[in-house]
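Notes to accompany the following structure.
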Amino acid sequence: MTSQPSRQRGLVTESNPINIVWRTIHQIIFMNLFRSRVSTSVVSRMAGELGSSASVPTTSSSSSSSWAKTRSLWPSILRWIPTSVDHIIAAEKRLLSLVKTSYVVEQVNIGSGPPGSKVRWFRSASDEPRFINTATFQSKEDSPTLVMVHGYAASQGFFFRNFDALASRFKIIAIDQLGWGGSSRPDFTCKSTEETEAWFIDSFEEWRKAKNLSGFILLGHSFGGYVAAKYALKHPEHVQHLILVGPAGFSSESESKPEWLTKLRATWKGAVFNHLWESNFTPQKVVRGLGPWGPDLVNRYTTARFGAYSTGEVLNEEESKLLSDYVYHTLAAKASGELCLKYIFSFGAFARMPLLQSASEWKVPTTFIYGFEDWMNYQGAQEARQHMKVPCEIIRVPQGGHFVFIDNPTGFHSAMLYACRRYISPKPENERLPEGLTFA
């Protein structure tokens with residue numbers, strides 16, 4: 001087995017999603033486009049889509065709203081990008097049909113920005129209200145509330161393998177962050193790291209107010225972990241416990257000084273990757289640019305990521321099909337929240353305002369959960385723990401990668417129940433770490 005440090009090196013690992021995506025892009029472009037002799041006009045159209053952040057118009061104005069409705073009426077086969085808002089909603093419903101627990105989906109109105117605020121986080125072509133797509137699952141009375149926040153290029157449906165098990169012990173509320181999934185996708189106008197953080201943190205706070213929540217357990221995965229941690233820093237009075245699953249953003253490039261990144265940047269591939277990153281060229285733009293070949297790209301990615309590259313409970317055929325369909329429609333919709341990437345992270349997924357720098361200021365008890373094969377480095381959490389003045393545990397789950405809750409849901413659920421033992425167990429002091437899990 002490859003030693004753990006070499007598996008934590010981010011972009012250059014074999015299992016890293018960026019490698020999988022770019023290999024798949026290469027195959028599709030050269031096998032499907034050129035072998036099929038796509039016309040010059042189609043290739044030009046693709047280039048235009050690659051360079052544009054617009055795909056499916058939203059309700060930023062009456063004309064764009066009308067255009068979106070017209071587009072949604074066209075058969076998918078006649079669209080360059082075969083998706084629409086209706087497709088997202090339908091795909092989510094199909095994926096969640098796998099969940100046995102009853103649930104309610106609602107569009108929570110978070111307004112058009114804090115009254116009198118001049119912050120750019122909601123600035124767009126209009127001041128129409130924004131909505132956060134929210135799924136709430138039936139639970140027992142007096143169950144603690146667990147709010148689940150997805151990562152980058154994901155949405156709340158990624159937790160479909162976890163809702164049933166966790167709903168038996170918690171009141172589960174899962175959201176699509178602003179600009180993702182089925183939530184509103186306002187124009188992304190942020191121009192700095194501070195404004196970009198405010199986009200996610202403040203919109204989440206407006207959602208919390210609308211839902212009248214307080215005293216909840218907050219879980220964030222990957223980039224969602226970064227947002228959850230930053231939110232808990234700003235609003236610790238509302239968070240009982242913070243759970244960060246493979247969180248991004250603990251260290252900066254200057255702090256880590258990774259040898260692999262120095263070597264990669266010295267190559268032409270590294271130069272291309274760095275240029276694309278600083279140009280805010282997102283994976284979603286590739287999906288849109290491939291037009292009718294986009295669904296094939298996403299299907300190849302999900303099959304590889306949760307199939308051949310998965311180390312735990314591989315998705316069955318139905319799960320894989322429904323997840324691929326759901327992922328495609330959420331990725332191909334209008335660019336919005338995805339454009340945060342270059343402002344939050346530098347090339348190599350290193351935070352511009354790393355969480356490690358604020359570890360001593362944390363006021364909320366925290367549990368970190370990592371899969372054994374997660375390409376995010378759990379050692380960043382170990383370093384943060386040395387500076388934290390609140391209780392902190394780091395749990396590692398076997399047979400799981402960055403999406404440990406999909407790869408090994410059983411192990412992940414065991415880690416969650418242990419992490420939250422103070423809220424669900426009558427005698428938490430008697431609880432022991434479940435077999436197979438390890439502390440770091």
Side-chain angles (χ1 to χ4, degrees), residues 17 21 24-25 28-29 32-33 38 42-43 45-61 63-97 105 107 130-133 135 150-158 160 175-188 281-303 305 319-339 341:
V21 169
T24 308
I25 292 169
I28 291 179
I29 290 176
N32 289 347
L33 297 184
V38 178
V42 173
V43 175
R45 181 75 174 277
M46 184 183 79
E49 293 287 352
L50 287 171
S52 171
S53 62
S55 56
V56 179
T58 60
T59 57
S60 60
S61 67
S63 59
S64 63
S65 176
S66 176
W67 175 243
K69 291 178 181 178
T70 302
R71 285 280 301 262
S72 67
L73 295 176
W74 295 354
S76 294
I77 196 171
L78 298 181
R79 301 192 203 116
W80 175 254
I81 304 174
T83 190
S84 68
V85 174
D86 290 342
H87 281 78
I88 296 175
I89 296 171
E92 176 187 271
K93 185 175 181 180
R94 288 192 293 271
L95 180 63
L96 294 185
S97 70
V105 174
Q107 295 288 307
R130 316 301 181 195
F131 299 88
I132 295 294
N133 190 44
H150 63 84
Y152 186 87
S155 35
Q156 55 91 356
F158 272 62
F160 75 97
I175 67 165
D176 290 336
Q177 297 191 69
L178 182 67
W180 294 100
S183 292
S184 296
R185 295 179 178 241
D187 300 335
F188 189 86
F281 185 89
T282 65
Q284 292 90 326
K285 288 186 179 181
V286 176
V287 173
R288 299 184 194 103
L290 289 174
W293 291 276
D296 187 35
L297 167 65
V298 173
N299 181 64
R300 287 171 183 247
Y301 167 72
T302 54
T303 299
R305 175 57 189 83
E319 289 175 321
S320 181
K321 179 180 178 181
L322 293 177
L323 181 59
S324 293
D325 182 56
Y326 174 70
V327 172
Y328 169 73
H329 291 298
T330 59
L331 294 184
K334 177 191 173 182
S336 182
E338 76 190 60
L339 299 175
L341 199 58

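What you are looking at is a predicted structure, and each value in this text was computed from that prediction instead of being measured.
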Salt bridge Lys321-Asp325, side-chain N to carboxylate O under 4.0 Å: no
Scan side-chain atoms only and decide if Tyr326 and Ser155 contain a donor-acceptor pair under the 3.5 Å cut-off. yes
Who passes side-chain hydrogen bond (donor to acceptor under 3.5 Å, both in side chains) against Thr330, sequence neighbours left out? none
To check you understand the geometry: which heavy-atom pair defines the closest contact between Pro295 and Pro82, and what is its length? CG-CG, 4.3 Å
Applying ring pair (Phe, Tyr, Trp, His ring centres under 6.0 Å), can you list everything that pairs with Phe158, at least two apart in sequence or on another chain? Phe403
When every non-hydrogen atom of Lys334 is compared with those of Pro186, the smallest separation belongs to NZ-C, 4.0 Å
In this structure, NE2 of His329 is separated from OG1 of Thr83 (nearest 0.5 Å) by 5.0 Å
Show, in sequence, the C-alpha distance, side-chain angles and deciding distance for His87 and Tyr328, and conclude whether the side-chain contact (heavy atoms from CB on, under 4.5 Å) test is met. CA-CA 10 Å; His87 281 78; Tyr328 169 73; over 6 Å; no
Minimum-distance pair of heavy atoms, taken over all atoms of Leu95 and Gly157: CD2-O, 3.4 Å
Residues that Ala135 engages under side chain to side chain contact (heavy atoms under 4.5 Å, CB included), provided they are two or more places apart: Val105, Phe137, Gln156
Counterpart residues, side chain to side chain contact (heavy atoms under 4.5 Å, CB included), relative to Thr282 (two or more places apart): Tyr152, Asn280, Gln284, Lys285, Glu338, Leu339
Who pairs with Ser183 by side chain to side chain contact (heavy atoms under 4.5 Å, CB included), at least two apart in sequence or on another chain? Ile132, Asn133, Asp176
For Ala332 and Arg288 the tightest heavy-atom approach is O-NE, 3.3 Å
For Trp180 and Arg185, work out which heavy atoms get closest and say how close. C-NH2, 3.7 Å
Which pair of heavy atoms, one from Ala153 and one from Leu331, lies closest together, and at what distance? O-CD2, 3.8 Å
